[in-house]
Amino acid sequence: MTNLEIAELLRRVAAAYQILGENRFRIIAYERAADSIEHLTSELKDYWDDKKLQEIPGVGETLAGHLDELFRTGHSKHFDSVMKKLPQAVFPLLLVPGLGPKKAYKLVTEFKFKSEKTAISDLEKAAKAHKIAPLEGFGEKSEADILANIAIFRRGQIKENRMALPIADGIAQDIIAFLKKTGAEKIDVLGSLRRCVSTIGDIDIAASTNDPKKVIAHFLTYPHQEIIEEGPTGASLRLHNGRQVDLRVQKPELYGAMLQYFTGSKNHNIALRSFALSKGLSLNEYGMKHVATGKVDTFKTEEAFYHALGLPYIPPELREDKGEITKNLPKLVELRDIKGDLHIHTDYDLKPSHDLGVHSFGEILHKAKELGYEYIGISDHNPSINNHTEKQIVEIMKRRKEYYQKHHTSSVQYVLLCEVDILTDGKLALPEAAFEYVDGIIASIHSSFTQDRTTVTKRIITALESNPKVRILGHPTGRLFSKREGIDADWPEIFDVCKKQDIALEINAYPDRLDLPDVLVYDAVKKGLKCVINTDAHAVGHMDLMRYGVSVARRGWATKRDIVNTMDYNDFKKWLMKGV
DNA sequence: GCCGTTTTCGGCCCGACTGTTTTCAGTCG
């Protein structure tokens, strides 16, 4: 089951509890757990595999027990028994905007809808026959709204999935540049985009201005398909690509509280408001109220807002209710700490089994210089093993080394790496004799992503232990947001091996990957492992994507010391060549 | 049902919006 499916299941149980008149805090607990699970950046099943369900905010002993049963047997007797107390037709109606448990239950019992499958079309028929308006608590308007919202629901069904962070950021940056022409004092992204979550739903943008009318009017001239909403404090557009963009404007005096409030996460804000209450302060999107006196403080900046609570500024990437309010905060790694990009493909053709880059070594070096790097790593794929003999491969690798030596004309240093496939049995797709022609190996999985946990774990460990020149585990989970889930591996076991061999885990910044995922970075960093942030560039333009890898590292609480490519060239080279 | 900078028991975030209502319940984020 996917995270979204499990979140929906918990919401159904919560809805059932609500109709049954259960304790309202129990209902809130289920809804909160559902929200947490929906917004996880890893599969819930992985948490279960690693026996870490209770680390999820809002999941305690009881829910962890029910979820455990769900994963083991495919069902939870408790969830089933709660939901069985209601007519099943209630549940699909909950997916229609504007219908919650109470209204859905009323409609289903009034009209005696029986089938879960036809509930929505049954409701549509009832609305068209004007049978809803006469019901107590409903009226003409709500009958019309139900029809409109059923249509929205049906459109939503075919809505595209969430988009990868760099895609969303690209759209947002374009709009921000557009809005800057209005002279707004400050413009920021909000929500999951500001927290740099790996996948984004809608794009939210905030502007600070004393002339909200002007900013909103200009926003509405941004190329769009449809205006969804327009009001005095903001507006929403649907773009031609189907994406929704919300703008919120606020006066500069109130901007700090607004920015904080709409950046979330929801769980962070709930925890923060609880914390504030313990100090006699009540928080909302406009400021901070002293409960005893009723006095309200306002804030121009988020920094001032957090400081007024006696807290340090909490970077958006940490706002996930993972202890950021009570624990000492790490000094997070920053883009400017990065001194080199080590996973770059050039157009040098060594007859690999995967794709080449499109730019030359010279063009890559030039770009690296522009980015202020001290060094880069050239990491072409290994020569195809099906089309060559071992001897031919060794010869190719030897010529390759000579090629790069000959063409290196830059003050930017380079190390000669190779991205080598981890074959299905854990052997590396590069003959032992070719290793002398590289400085180090990035070992990566590019096939058989669905092997079972034991097999794939052993496969990776075999590869990592096969040669001291293996220094980096490339895009470790192999996930691609738009195409496939990652491998199902025993990460604690793999991390132990990386730790022992001082092998770095790659945080691959490629938009569709962002792999290692942030939650695993968090675990790795806690264990004292090293990571390396790479772009996996196949073109010079990709080298600009480094910042998204950095954001993943930051969401994993990584500091500069946790990232090997923040070292200067000499220290890095020493780390790379260690054990050889 | 969760959770701990008052607490392992006894609390539990905050406000906007809407429609159907004369003060509020339900829904949403």
Side-chain angles (χ1 to χ4, degrees), chain A residues 10-11 13-19 21-39 53-67 76 78-79 82 93-107 132-146 148-149 152 190-192 201-202 204 229 231-234 236 244 246 248 254 257-258 260-289 291 296 309-311 321 323-328:
Chain A
L10 292 176
R11 288 202 184 99
V13 179
Y17 272 148
Q18 206 167 335
I19 295 163
E22 178 58 77
N23 173 299
R24 83 186 169 96
F25 294 108
R26 177 175 290 172
I27 296 162
I28 290 169
Y30 270 79
E31 286 171 345
R32 201 174 153 224
D35 281 345
S36 277
I37 288 168
E38 183 178 345
H39 293 110
L53 287 174
Q54 287 194 58
E55 286 185 16
I56 298 165
V59 177
E61 203 179 331
T62 309
L63 276 176
H66 295 321
L67 292 171
S76 151
H78 177 69
F79 295 167
V82 174
L93 297 193
L94 298 173
L95 300 174
V96 177
L99 289 186
K102 295 280 171 74
K103 286 188 189 174
Y105 183 67
K106 170 113 181 154
L107 290 166
I132 293 177
L135 297 181
E136 196 194 338
F138 292 84
E140 294 293 335
K141 183 72 170 73
S142 43
E143 185 173 89
D145 284 350
I146 284 173
N149 285 326
I152 288 173
L190 296 167
S192 51
D202 294 339
D204 297 305
E229 240 180 80
T233 61
S236 298
Q244 181 171 338
D246 299 336
R248 294 171 189 284
L254 301 180
M258 195 253 276
Q260 196 288 321
Y261 182 86
F262 287 106
T263 295
S265 66
K266 192 170 174 180
N267 281 332
H268 171 79
N269 283 355
I270 289 173
L272 195 68
R273 291 196 280 265
S274 294
F275 174 79
L277 272 184
S278 73
K279 301 192 157 208
L281 295 164
S282 171
L283 309 182
N284 64 29
E285 65 180 279
Y286 306 107
M288 195 176 286
K289 186 165 89 181
V291 177
V296 176
L309 289 169
L311 293 170
D321 193 20
E324 67 275 9
I325 294 168
T326 49
K327 285 185 198 160
N328 283 331

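So you know, we letter chains A, B, ... as the sequences are listed, proteins then strands, and number each from 1. Computed over heavy atoms, backbone and side chain alike; hydrogens, waters and symmetry mates excluded.
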Peer 1: Please answer whether the main-chain N or O of A/P57 pairs with a side-chain N or O of A/S36 as donor and acceptor at a distance below 3.5 Å.
Peer 2: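 Present.
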Peer 1: Check DNA chain B for consecutive Watson-Crick or G-U pairs with both distances under 3.5 Å and list the runs of at least three as stems.
Peer 2: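 Ordered by first number, the stems with DNA chain B (at least 3 consecutive pairs each) read B:1-4 with B:9-12, B:14-19 with B:24-29.
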Peer 1: Give, ordered by number, those residues of residues 268-277 of chain A having at least one heavy-atom distance below 4.0 Å to an atom of DNA chain B; if nothing qualifies, reply none.
Peer 2: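 Only A/I270, A/R273, A/S274, A/L277 qualify.
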Peer 1: Distance check, rounded to the nearest 0.5 Å: A/Q18 atom CD versus A/I28 atom CD1?
Peer 2: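 If I round to the nearest 0.5 Å, the distance is 9.0 Å.
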Peer 1: Could you tell me the separation between the OH atom of A/Y286 and the P atom of B/dG15, rounded to a whole number of Å?
Peer 2: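 So the OH-P distance, A/Y286 to B/dG15, works out to 9 Å.
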Peer 1: A/T62 side chain N/O closer than 4.0 Å to the phosphate oxygens (OP1, OP2) of B/dC2?
Peer 2: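 Yes, because at least one side-chain N or O of A/T62 sits under 4.0 Å from OP1 or OP2 of B/dC2.
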Peer 1: When you measure from the side chain of A/Y261, which nucleotide among B/dG29, B/dC2, B/dG19 comes out closest?
Peer 2: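 The nucleotide sitting nearest to the side chain is B/dG29.
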Peer 1: So, is the end of the A/R11 side chain (NZ or CZ) under 6.0 Å from the ring centre of A/Y30 and within 45° of the ring's axis?
Peer 2: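 Cation-pi check for A/R11 and A/Y30: fails.
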Peer 1: Mind checking A/T326 for me? I need base, sugar-phosphate or nothing, with any heavy atom below 4.0 Å counting as a touch.
Peer 2: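 If one applies the 4.0 Å heavy-atom cut-off, A/T326 turns out to touch a base.
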Peer 1: In whole angstrom, give me the gap between the C1' atoms of B/dA16 and B/dG10.
Peer 2: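 Result for the C1' pair: 30 Å, nearest Å.
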Peer 1: Suppose you measure atom P in B/dT20 against the same atom in B/dT27; what distance do you get, rounded to whole Å?
Peer 2: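 These two P atoms come out 14 Å apart once rounded.
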Peer 1: Base, sugar-phosphate, or nothing for A/E140, non-hydrogen atoms under 4.0 angstrom?
Peer 2: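 If one applies the 4.0 Å heavy-atom cut-off, A/E140 turns out to touch the sugar-phosphate alone, with no base involved.
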Peer 1: With sequence neighbours excluded, tell me which residues meet salt bridge (Lys or Arg N to Asp or Glu O under 4.0 Å) with A/K106.
Peer 2: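 Partners of A/K106 by the salt bridge (Lys or Arg N to Asp or Glu O under 4.0 Å) criterion, ordered by chain and then number, come out as A/E110.
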Peer 1: Please check: side-chain N/O of A/S274 versus main-chain N/O of A/I270, any donor-acceptor pairing under 3.5 Å?
Peer 2: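 Such a contact is found between A/S274 side chain and A/I270 backbone.
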Peer 1: Where the side chain of A/Q244 meets the backbone of A/D202, is there a donor-acceptor pair that is under 3.5 Å apart?
Peer 2: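 No, A/Q244 side chain to A/D202 backbone: no donor-acceptor pair under 3.5 Å.
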Peer 1: Mind checking if A/L99 touches a base, just sugar-phosphate, or nothing, with heavy atoms under 4.0 Å?
Peer 2: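 The residue A/L99 makes sugar-phosphate contact but no base contact.
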Peer 1: In whole Å, measure the gap between the P atoms of B/dT7 and B/dC12 for me.
Peer 2: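 So the two P atoms sit 15 Å from each other.
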Peer 1: Does any pair with a residue in residues 263-287 of chain A pass salt bridge (charged side-chain N to carboxylate O under 4.0 Å, His left out), and if so which ones, sequence neighbours excluded?
Peer 2: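 Every pair satisfying salt bridge (charged side-chain N to carboxylate O under 4.0 Å, His left out) with a residue in residues 263-287 of chain A: A/D35-A/K266.
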Peer 1: Using modelled atom types and a 3.5 Å cut-off, is there a donor and acceptor pairing between side-chain atoms of A/E229 and backbone atoms of A/S236?
Peer 2: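 The answer is no, because no donor-acceptor pair under 3.5 Å joins these two groups.
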Peer 1: A/K103 side chain N/O closer than 4.0 Å to the phosphate oxygens (OP1, OP2) of B/dG26?
Peer 2: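 No, outside the criterion.
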Peer 1: Please give the distance between the C1' atoms of B/dC17 and B/dT21 as a whole number of Å.
Peer 2: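 It works out to 15 Å between them.
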Peer 1: Do the side chain of A/N267 and the main chain of A/D321 share a donor and acceptor less than 3.5 angstrom apart?
Peer 2: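 No, the answer is negative, given that no donor and acceptor are paired below the 3.5 Å cut-off.
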Peer 1: Roughly how far apart are A/F275 CZ and A/L311 CG, rounded to 0.5 Å?
Peer 2: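 The distance works out to 4.5 Å.
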Peer 1: Rounded at 0.5 Å granularity, tell me how far CG in A/L10 sits from CD1 in A/I37.
Peer 2: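 Here the rounded value is 5.0 Å.
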Peer 1: Between the protein and nucleotides 22-24 of chain B, which nitrogen or oxygen pairs come in under 3.5 angstrom?
Peer 2:
none

Peer 1: Can you measure A/K327 atom NZ to B/dT5 atom P for me and round it to whole angstrom units?
Peer 2: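 Taking atom P of B/dT5 as the reference, NZ of A/K327 is at 12 Å.
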Peer 1: How far does the P atom of B/dC13 sit from the matching atom of B/dC2, given to the nearest Å?
Peer 2: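 Going atom to atom, P in each nucleotide, I get 15 Å.
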Peer 1: Suppose we call a contact any N or O donor and acceptor under 3.5 Å apart; does that hold for the side chain of A/Y17 and the base of B/dG1?
Peer 2: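 Looking at the base of B/dG1, it does not pair with any donor or acceptor on the side chain of A/Y17 (distance under 3.5 Å).
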Peer 1: Is a side-chain donor or acceptor of A/D204 paired with a backbone partner of A/G191 at a separation under 3.5 angstrom?
Peer 2: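 Not a single qualifying donor-acceptor pair exists.
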Peer 1: With a cut-off of less than 4.0 Å, is there a side-chain N or O of A/S282 near OP1 or OP2 of B/dC14?
Peer 2: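 Yes, within the criterion.
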Peer 1: Closest-nucleotide mapping onto DNA chain B: is A/E61 or A/K266 further toward the 5' terminus? I mean the 5' end.
Peer 2: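 The residue closer to the strand's 5' end, by nearest nucleotide, is A/E61.
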Peer 1: For A/G98 and A/K289, take the nucleotide of DNA chain B holding the closest heavy atom to each; which residue's nucleotide lies nearer the 5' end?
Peer 2: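 First, find each residue's nearest nucleotide; the 5'-ward one identifies A/K289.
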Peer 1: Pick base, sugar-phosphate or nothing for A/I27, based on heavy-atom distances below 4.0 Å to the nucleic acid.
Peer 2: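 Result for A/I27 = nothing.
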Peer 1: Excluding sequence neighbours, so at least two apart, what forms salt bridge (Lys or Arg N to Asp or Glu O under 4.0 Å) with A/R26?
Peer 2: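 Partners of A/R26 under the salt bridge (Lys or Arg N to Asp or Glu O under 4.0 Å) test: A/E22.
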